[in-house]
Asker: 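Structure incoming, see below.
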Amino acid sequence: MLKLPIEASFTPHSDYVLTGSSDGQVHVFSNISGQNHNSRSVADIQSNQSEAITNVEFNPKYLMMASASSSTSIWVPEQSDF
Amino acid sequence: MDSLNDQVWSKFYVRQNFRDFSASADKRVTTIKFSSDGEQLVATGNNGVIEVYNCDTGRQSIVRTRKYGCGTFDHTSENSKIIVASANPKTRPICSHLDIERNDYIIHYSGHQSIVTSIRVNPDRNSFFTAARDKNVFLWDKRTAVAVRKQIFDSTPLIDLNPTGKNLAVGIESRIIELYDLRGLGNGPYISFHLPPFESMELTSIKFSHDGNQLLLSSNNIRIQVLDATNGRELKKFTSKRNQNRLSNMQIDF
């Protein structure tokens, strides 16, 4: 089994921890609520690719995040202004 | 920014992919970072291309680093300039102060003997830190080509700078985190945390929270940890199945 070095990141106010996955998902964990050892994610969101996402970063100003795989992807929520 | 809550995450979708059609099949994006003002995203790829995205206008541009290639990087106080590591295995490893608007190298920093794995620009000063596979952490003055301070460790160090500018965290051998006061680097670490041993876990990154109070540890295993950055106490531990899939024919270049 190949274990990918996948980098997690905080959201700007450290409320959530984001991490990519080897199957193209972004997993969102709550850093405020839940158990100390909390393996359940708040959300698992699918990109438009099935390849590994090794890095996810949240924008410090806009409601936007970016992920890295074989290409860079920009994520925004639906019905967003940008 | 609108506030984040548990419900908003399911609305996120990929609005835009950077597509580089000249890229080979083994292309990977190695580092992505937003500028601290949130206006710009920069991504470096193992194909030597730096992608720049304006978060306000959506405009994309690219910089091709033909000779040196591009590895890890960090933003500077100016969005038009980054500090970027070279990635060409045939040349001496260097870091460069690069103007990404004009594709113009301002200064090269040389001294590391092998690939530079992290770069952290000090937001308050004209300085930055680098860590490399030669097990060294170097401190540089942005204006001079030679490192002003060097320290060697027992393994390739992982580094992050506290965004408050107070201290530097160094992760060593996946088991110790040392904190250095930037005002007294020569005094050695003012505190060290010993991490609980996890089976076959290798730390892959350490990151401060934006307020500098927490440290996020990522590994090549399925564990993610959040520590109190003042005393090393474990605040959270996440275990996911995210990294357990069997993959084939994939090379990750760091």
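Letters go in sequence order (proteins before strands), and every chain restarts at 1.
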Asker: Between B:R15 and A:E78, does any NZ, NE, NH1 or NH2 come within less than 4.0 Å of an OD or OE carboxylate oxygen?
Answerer: no

Asker: Determine yes or no for a side-chain-to-main-chain donor-acceptor pair under 3.5 angstrom, with A:K61 supplying the side chain and B:E39 the backbone.
Answerer: no

Asker: Step by step, work out the side chain to side chain contact (heavy atoms under 4.5 Å, CB included) result for A:L63 and B:F12.
Answerer: CA-CA 9 Å; A:L63 208 52; B:F12 271 87; 4.2 Å; yes

Asker: Tell me, side chain or backbone of B:S36 under 4.5 Å from chain A's heavy atoms, or both, or neither?
Answerer: backbone

Asker: Does any heavy atom of chain A fall under 4.5 Å from the side chain of B:F208, the backbone, both, or neither of them?
Answerer: backbone

Asker: For the residue pair A:I6 and B:T204, establish whether any side-chain heavy-atom pair is separated by less than 4.5 Å.
Answerer: no

Asker: In terms of heavy-atom pairs under 4.5 Å with chain B, which of A:S67, A:S47, A:S14, A:S69 leads?
Answerer: A:S69

Asker: Does any heavy atom of chain A fall under 4.5 Å from the side chain of B:S209, the backbone, both, or neither of them?
Answerer: both

Asker: Roughly how far, to the nearest 0.5 Å, is the OG1 atom of A:T72 from the CD atom of B:Q16?
Answerer: 10.5 Å

Asker: Checking heavy atoms, do the side chain of A:V17, its backbone, both or neither come under 4.5 Å from chain B?
Answerer: side chain

Asker: Rounded to the nearest 0.5 Å, what's the gap from CG on B:L41 to CE on A:M65? Could you check?
Answerer: 12.5 Å

Asker: Taking all heavy atoms of A:N31 and all of B:K236, pick out the closest pair and write down the distance.
Answerer: OD1-CG, 3.3 Å

Asker: Specify which of B:L203, B:N213, B:L217, B:D37 makes the most heavy-atom pairs with chain A at under 4.5 Å.
Answerer: B:D37

Asker: Which of parallel (below 30°), tilted (30 to 60°) and perpendicular (above 60°) describes B:F238 and A:F29?
Answerer: parallel

Asker: Check the pair B:L4 / A:D15 against side chain to side chain contact (heavy atoms under 4.5 Å, CB included), numbers first and verdict last.
Answerer: CA-CA 8 Å; B:L4 282 169; A:D15 296 344; 5.6 Å; no

Asker: Can you name the closest pair of heavy atoms from B:V29 and A:S71 and give their distance?
Answerer: CG2-C, 3.5 Å

Asker: Answer yes or no: is there a donor N or O on one side and an acceptor on the other, between the side chain of B:D6 and the main chain of A:V42, under 3.5 Å?
Answerer: no

Asker: Atom OG1 in A:T54, atom CD1 in B:I32: separation rounded to 0.5 Å?
Answerer: 7.5 Å

Asker: Decide side chain to side chain contact (heavy atoms under 4.5 Å, CB included) for B:W9 and A:L18; before the verdict, give the C-alpha distance in whole Å, the side-chain angles of both, and the deciding distance to 0.1 Å.
Answerer: CA-CA 11 Å; B:W9 291 107; A:L18 308 176; 3.6 Å; yes

Asker: Search all heavy atoms of A:A8 against all heavy atoms of B:S218 and return the closest pair with its distance.
Answerer: N-OG, 2.8 Å

Asker: Look up atom NZ in B:K11 and atom CH2 in A:W75, then write down how far apart they are to the nearest 0.5 Å.
Answerer: 16.0 Å

Asker: If you compare all heavy atoms of B:N5 against all heavy atoms of A:Y16, which two are closest, and at what distance to 0.1 Å?
Answerer: C-OH, 3.0 Å

Asker: Counting only heavy atoms closer than 4.5 Å, note whether A:Q46 contacts chain B via side chain, backbone, both or neither.
Answerer: neither

Asker: Closest heavy-atom contact between B:K207 and A:F10?
Answerer: O-CE1, 3.7 Å

Asker: Go through the atoms of B:L215 and report whether side chain, backbone, both or neither lie under 4.5 Å from a heavy atom of chain A.
Answerer: backbone

Asker: Could you go through the side chain to side chain contact (heavy atoms under 4.5 Å, CB included) check for B:F18 and A:I74 one step at a time?
Answerer: CA-CA 8 Å; B:F18 286 52; A:I74 304 285; 4.0 Å; yes

Asker: Calculate, to the nearest 0.5 Å, the distance between atoms SG and OH belonging to B:C55 and A:Y62 respectively.
Answerer: 7.0 Å

Asker: Using modelled atom types only, decide if a donor and an acceptor are shared between the side chain of B:S205 and the backbone of A:E7 within a distance under 3.5 Å.
Answerer: no

Asker: What part of B:V226 lies closer than 4.5 angstrom to a heavy atom of chain A: side chain, backbone, both or neither?
Answerer: side chain

